[in-house]
Structures are given as C-alpha cells and as structure tokens.
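See structure below.
Naming: A, B, ... by sequence-line order, numbering from 1 per chain.
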Number of protein chains: 4
Amino acid sequence: MKKKDMNKQTIIQDAVAKIILTEGAVSVSTTKVAKLAHIAQSNVYLYFKDKQALLDSVYNRERDRIINTTDIAELRNHDIDIENRIRYYIEQVYDYSLTNPDSMNLIEQIKFLMGEDDGLVISDSPNDIVHELLQEAMDNQVIKKLPINFHMGIVFSTIHRHTNNIIENKYSKSEYKFETIYQFIWDAMRIN
Amino acid sequence: MKKKDMNKQTIIQDAVAKIILTEGAVSVSTTKVAKLAHIAQSNVYLYFKDKQALLDSVYNRERDRIINTTDIAELRNHDIDIENRIRYYIEQVYDYSLTNPDSMNLIEQIKFLMGEDDGLVISDSPNDIVHELLQEAMDNQVIKKLPINFHMGIVFSTIHRHTNNIIENKYSKSEYKFETIYQFIWDAMRIN
Amino acid sequence: MKKKDMNKQTIIQDAVAKIILTEGAVSVSTTKVAKLAHIAQSNVYLYFKDKQALLDSVYNRERDRIINTTDIAELRNHDIDIENRIRYYIEQVYDYSLTNPDSMNLIEQIKFLMGEDDGLVISDSPNDIVHELLQEAMDNQVIKKLPINFHMGIVFSTIHRHTNNIIENKYSKSEYKFETIYQFIWDAMRIN
Amino acid sequence: MKKKDMNKQTIIQDAVAKIILTEGAVSVSTTKVAKLAHIAQSNVYLYFKDKQALLDSVYNRERDRIINTTDIAELRNHDIDIENRIRYYIEQVYDYSLTNPDSMNLIEQIKFLMGEDDGLVISDSPNDIVHELLQEAMDNQVIKKLPINFHMGIVFSTIHRHTNNIIENKYSKSEYKFETIYQFIWDAMRIN
DNA sequence: TATGAATGAGTGTTCATTCAT
DNA sequence: AATGAATGAACACTCATTCAT
C-alpha cells in the first residue's frame, strides 16, 4: 500500500541509496539501479536526465532532509546566547546522525565520488546560516579564530565517526552520551 | 642510468599515484596506468596479480612512508612525559602532511575506493605504537576516555583539512602556525 | 489563431524538416521531432504509422511542392518549340531552387537516408511529364541520345550545386546569372 | 592463404566497406562490423580510435586509391595541350569508376554521412593538381568561367551516374562509349 | 485526440584480464 | 621479462515502438 504511493523517482533514488550504502558509490550503475528498482534500465532515463542528475538528486534529497530537520529559527534567535546556539546546533547534528546514520554516509560517498574534498561539511552558500553562526562566534571571541571548515569539520567528522562506530558495533549506543561527544567537540572549538 | 634503477614496480605505482591525484581513484584503469608508465597494458599483470593488488601496493607504500617517517623510538621514550610525546606525534603528522600533501590524499582516495570508512585513520594492528601511546594517555587520564579513533581521527582530519585548505589556496601556509592547529586538536583530546 | 489552423501533421513534418536541415537526416528521431513539435513522443504515431511513413510524408510534401510549382501546362504546350520548353523547365528548377534552397536539401537528405542513389533526380513514373519532354527532345534530335537521368541529373546537380555555393557564401547570388548556369547545362544536353 | 596476409585493419575496413555498399553508411555499427570481420566488438577499438577514425580510414583508403591511380605527371605535362590533358583526366576518372564502381559509392556515402555537401568532388587542398589544371584552363579561356566545383562536379556526377546505371542494369556497359559520355561532359565545360 | 509510462534492442566505448609469442 | 592481440562483460545512453488511460 504505502509502497505503491511512492512514485518511481523515489523508488529509483532509494535503489541508488541502497547500492551506495552496501557497495559504495563507485558501484552505482544504471543497470544495477534498474534491477533493484525492478524497472528496465532505459527507464532510469525517464526520470533522470543522466547518471549525474540521478546522483545529484539523491544527494540533494539527503541534504534537504538534514536542512529541514534543523531548527533554523532557533539558530538565529539572538535571545539565546551564542554558545548555547552552537551547542543546540551540534545537538541537532548529533540527533540527526544517530537517527539517520545512512544519510550521512550517503552524503559523504556522493561528495567524494564527485571529487569534493570537504566531506560532510555542507555549506550551500557563504551566508549559510551555520556559517553565519560560527562567524559570529568567532567575531565575538567565543570560538577559536580558525578557518570555518575546521569548526564545521570537527562537528561532522566526530559525530559521523561516533555514529559509524555504533553501526559497526564497536560499542553500544549508550556507551557514550551526547554530553561526552559534545565536550570533545566544544573543547576544540572554544577559546579557553 | 640512475633513473633506470627504479624498477618497473615503482614506475607503475608512481603512475597509479599520479592518476589518483589528478583524476581520482575511480579513474584508475590498467590502460591509463600502462600508458603513463610507458609499458604495455598486459605488463601491469607481470608485476601485480590484479588491479586490487596494484592499489593495495600503492596504499601500503604510502602507509609505510608515513610510518617510517615517524620517530617511533621517541614515542616510546618514557623519559618524555606523555603529553609531550603526543604533541611530538601530532607535530610529526603535521610535518609529514605539509611536506607530502599528496600522500594523505592518496591514502584517502584508495581507502574510499575500497569502501573503508575510517578515512585517513591508519591503524595497522591493535598494538600499534600510536594506539599504545593514546591508550596509555587515556589510562593516565591525560586525554579523554573516548574511542581511540576519535583521537586519531581529530588529528588526521584536522591536519588534512589544513593541508588541503593550503593546497586549494584558501589561505597561505603562514597564516596558521602549528601551535594554533595543535591547540585546536589538543583541546579536544585533553582532559581539562 | 491562424497558426492553430496548421494541423499537427504539418507541425510534425515541419519539425522533421528543421532537424534534417540543421542536423542531417541521420539525426531525426521521434524524440527530437516530438520535442520540437511540442507534443508527446508517442503522439507522432498518431499521425504517422512509423518513422518511415513520417520521412516519406516529408519527402512527398517536398516533391509535391516542386511539382506544383512547375508550370506543367506550358511544358506540354506544343506551340512552344521544344528547346524553349526545356529552357523554361530549367528556369523553373532554377527559380525554385533559389527560392527554396532547403527544399532541395531535404529531398537529397531523405533520399540518401533511404539508400536511393539518384540524388535529386525526381522521377515519379516513367510517363512523368519531364520525362516525356526530354524523350521527345531526344527523339527529335534536339538533345543528345543518352539515358534520361543524365539530362535530369545535370539539371538538378548543377543548379543544386549553384544554390549550395551561394548558401555557403562561396559567392554572391548575383555573381552568376541564370543565363550562365543555363548555358553550362544546355551545352551538355544539346546536340551541336 | 591470401586472406591470412591481410591484417586485421584491412579486414575491418573491408567489412565497413561491405556494409556501406549493401546497407548504406547509416547502417554501419561497430557491432555489425565486428560480426562481419569475425572479431569481438571491442576489438574494433584495437585498430581504430573510434568509429569516426574507422570511417575516415575507409574514406582515405579509397581516396588514396583514386589519387594513386591518377597519372598526375601527365596532367602537369605542358607539352600536351590543355584540352587534351583535361580529356585525359576525364578518361582516367571514367576508367577508374568503371573498374572500381564501389569506390565511388563508398566515397559518396561516407562524405554524405559526415555532412559534406560536395559529393564526390575530391579536393584535398586548394592547389590540388586537378584544381590547378582547371584553373589554368579557365584562365586560358578553354573552359567556361564558372566555380571550379561546377566543372569537377559534372565530371564526377555524370560518370558516377553512368557507372551506377550499369550496376543497376539500366543498360549494358557497351551501350554508351567513353566518347559519348565525354562529349556530354566536355560540351558543358568548354567555351564554344 | 492526446499523453506518460514502459521497454527491449541497440549504440559507441572502456574495462580487467588472459594468452601465445 | 615483455608485448600485442584478443575478448566478454560492463558501462551510460538513445531509439522506435506499444499500450493503458
């Protein structure tokens, strides 16, 4: 029932996601995608201009998912002090990553495949909201004066590593609390 | 004459490395490698069992290069206090990365191609020397009690990001000193 | 409003013609045609049995256009001496070709695609009017006794070449008068 | 025996030629070529960079064949009067065409496929030998002052048509002598 | 009349790998 | 040790055509 509601676009994107997660982005081929989606290979081109567009769409879907999950308003709410806004942001990344561990891996894989070096760091535009937040924090001498991708990087890579560790059963979800992870990240970022 | 001393193995590996760095690991093909190495395509199989072995060898070569550059003795020298040994280690990674920026990218690319998730974190064996060092530091409550790949991860990913930023001309080499980078990493690791 | 009077058939044919002239007959595909005609791809099959029928129709449309432009009555008018009737015919081909240079190219392209060797020579039926005229001229020893497609061929290919030379800016329209072109053709045909 | 001497290049080119002549240039596909040449499809790319290179090579092979058959020295021999040199040239084209009727068709087909409009007119370079000859004839007021491709065109297209008529059994080889064909062509060209 | 969805067969091209010499 | 030739499988992508709605 529910499945039938999904349109083909989504089915195809899901197939791509599955392949990326199980075999790696390199292994994505229209043939495999079509097989997994139970359609003819040529059919892929009915829904996506070409392979690049297909990968882009999967990437964007995931990126949007993240962005939509983020409580942007709060990040801009100047009634909250900046340190807490950053903490709130990290918490959101943390929650998102634990809830959707695949999402992060998808984004990482696709970005890498396309030759972008920044890994998980998502920065749509320079005046991106998080960018803004971190810049403000830097200007106010709350966090260290460093390239912004250092700050974004440590947030993402730490949380991502944590999530992967759990997935790979290196330890259980309960073994490290958010507070612990957060402290690690925040100690790096903040001026003390 | 001297050049001719380089055996074919090395010539081939160099070709692979060059392709990876310029076009990405995905683009490595025996055809291209052979062309770049000025040998017949089939010749690649004289020196390497298959493509996988070839990539492995390039990976291992780089990994060994890193390990050999590291002053292991010093890391084990208990006359030096542990904090300084870690600092020394970070310094060595830092120096290596700035001196051989390609090396890190090679490792990252090959790891990605093979579907390994840990990125740059190299851990050959559990009783690896760095592993040992960090474990000791954790036991002595010098660094935070966290999965070891957190500690290794922040070292590598921060330094790697820094190196890439420089390569991509985001800023000049002189803009951030080692001390600054180190402080960022160390603040995350240490218990304060 | 008026434009809407053009029925879909015509719109589709026009699309085909445009593609042939800009990209060559080989490049005609239902996909492209449909896109250019602003209809669904499958819609092409509503108006034409298959691709072959579509091409045929475009060919026939052009052939009819030529035939209808030709003043047949005059060609048969025995009050005019035969030499002048042939001259009149050549003049008409000349005028048509210069006025509708695309027309000739369309016919040539489609013929090529269908593997017909006679190029521009259009001969619907053996008792074709021009056929008749030339036969009569041959019988009356006005033109050389040669296969009829020699005579038709030289008319078409010379004029077509002239037209293309102009289109390709090899020289301007005014550089060679009809009389000059005609003399070239007629000298070949006539018995002297 | 003899067949074995032919290298694969030639075998492949022959396959292409056969397909062009039987099915038309449009029908040439690497698959068909490979099948006809009894090799794997991928093998085509061992001998030719891509399909274009393959077609080019078939074209060039034929063009060279024509050029090598032509007695260039004689065409430049100013001891012979120009009219006779042109006649000699036309005779050579005539002989070649009748001896190698396929050759002309191959060239025509490939040229058309590549979108060149000049049909059989082969003009390698502006100072091409035939070009030279005709220009000289025009300057000396032996032939009409017209675009050179008119003169070349009538030679080729007339002879080609004649050859095709014979192939298609429209009449027998003996029905029209060279002299007849020549007269038709020459009357068009010459100033009278 | 019109369309979107579907598809199988085909396209040119690249690949890793094998083998005879 | 070295090579050129060979190949089957895979790739992304386009095509003419059909069919249910």
Spacing between [X] atom [atom1] and [N] atom [atom2], to the nearest angstrom:
X	N	atom1	atom2	value
Leu54(D)	dT11(E)	CG	P	14 Å
Lys35(B)	dA16(E)	NZ	P	12 Å
Ile39(A)	dA12(F)	CD1	P	13 Å
Asn7(D)	dA6(F)	CG	P	10 Å
Ile12(B)	dA16(E)	CD1	C1'	15 Å
Phe48(D)	dG12(E)	CZ	P	14 Å
Ile19(A)	dA10(F)	CD1	C1'	14 Å
Leu46(D)	dA5(F)	CG	C1'	6 Å

- Task: Quick one: list whatever passes side chain to side chain contact (heavy atoms under 4.5 Å, CB included) with Lys18(A), sequence neighbours left out.
- Result: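 For Lys18(A), the residues satisfying side chain to side chain contact (heavy atoms under 4.5 Å, CB included) (neighbours in sequence not counted) are Leu36(A).
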- Query: Going by distance alone, is a donor N or O of one side chain under 3.5 Å from an acceptor N or O of the other, for Gln109(A) and Asn105(A)?
  - Reply: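 There is no such pair between these side chains.
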- Query: Side-chain donor-acceptor pair under 3.5 Å between Ser57(B) and Asn60(B), yes or no?
  - Reply: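 No, no side-chain donor-acceptor contact under 3.5 Å.
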- Message: What's the closest nucleotide to the side chain of Ala40(B) if the choices are dT7(E), dT3(F), dA6(F)?
- Response: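 Of the options given, the side chain of Ala40(B) lies nearest dT3(F).
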- Query: Which is it for Thr30(B) and Tyr45(B) under the side-chain contact (heavy atoms from CB on, under 4.5 Å) test, yes or no, and what are the steps along the way?
  - Reply: CA-CA 9 Å; Thr30(B) 53; Tyr45(B) 288 83; 3.7 Å; yes
I'd like to know if the side chain of [X] reaches the main chain of [Y], judged simply by a donor and an acceptor atom lying under 3.5 Å from each other, with no hydrogens or angles considered.
X	Y	result
Asn7(B)	Thr10(B)	yes
Asp50(C)	Ala53(C)	yes
Asn43(D)	Ile39(D)	no
Lys32(A)	Ser27(A)	yes

- Item | Residue whose closest nucleotide on DNA chain F lies nearer the 5' end, Asn43(B) versus Asn43(D) |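 The answer here is Asn43(B).
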- Going 5' to 3' through nucleotides 14-21 of chain F and flagging B where a protein heavy-atom sits under 4.0 Å of the base, S where only the sugar-phosphate is that close, and - otherwise, we get BSBBBB--
- Task: Go through DNA chain F and write down every stem, that is, every run of at least three consecutive Watson-Crick or G-U wobble pairs with distances under 3.5 Å, as range with range.
- Result: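 When the pairs of DNA chain F are grouped into runs of at least three, the stems are E:2-21 with F:2-21.
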- With Ile20(D) as reference, evaluate Asp102(D), Val28(D), Ile107(D) under the side-chain contact (heavy atoms from CB on, under 4.5 Å) test and give the passing residue.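 Running side-chain contact (heavy atoms from CB on, under 4.5 Å) over Asp102(D), Val28(D), Ile107(D) with Ile20(D) returns exactly one hit, Val28(D).
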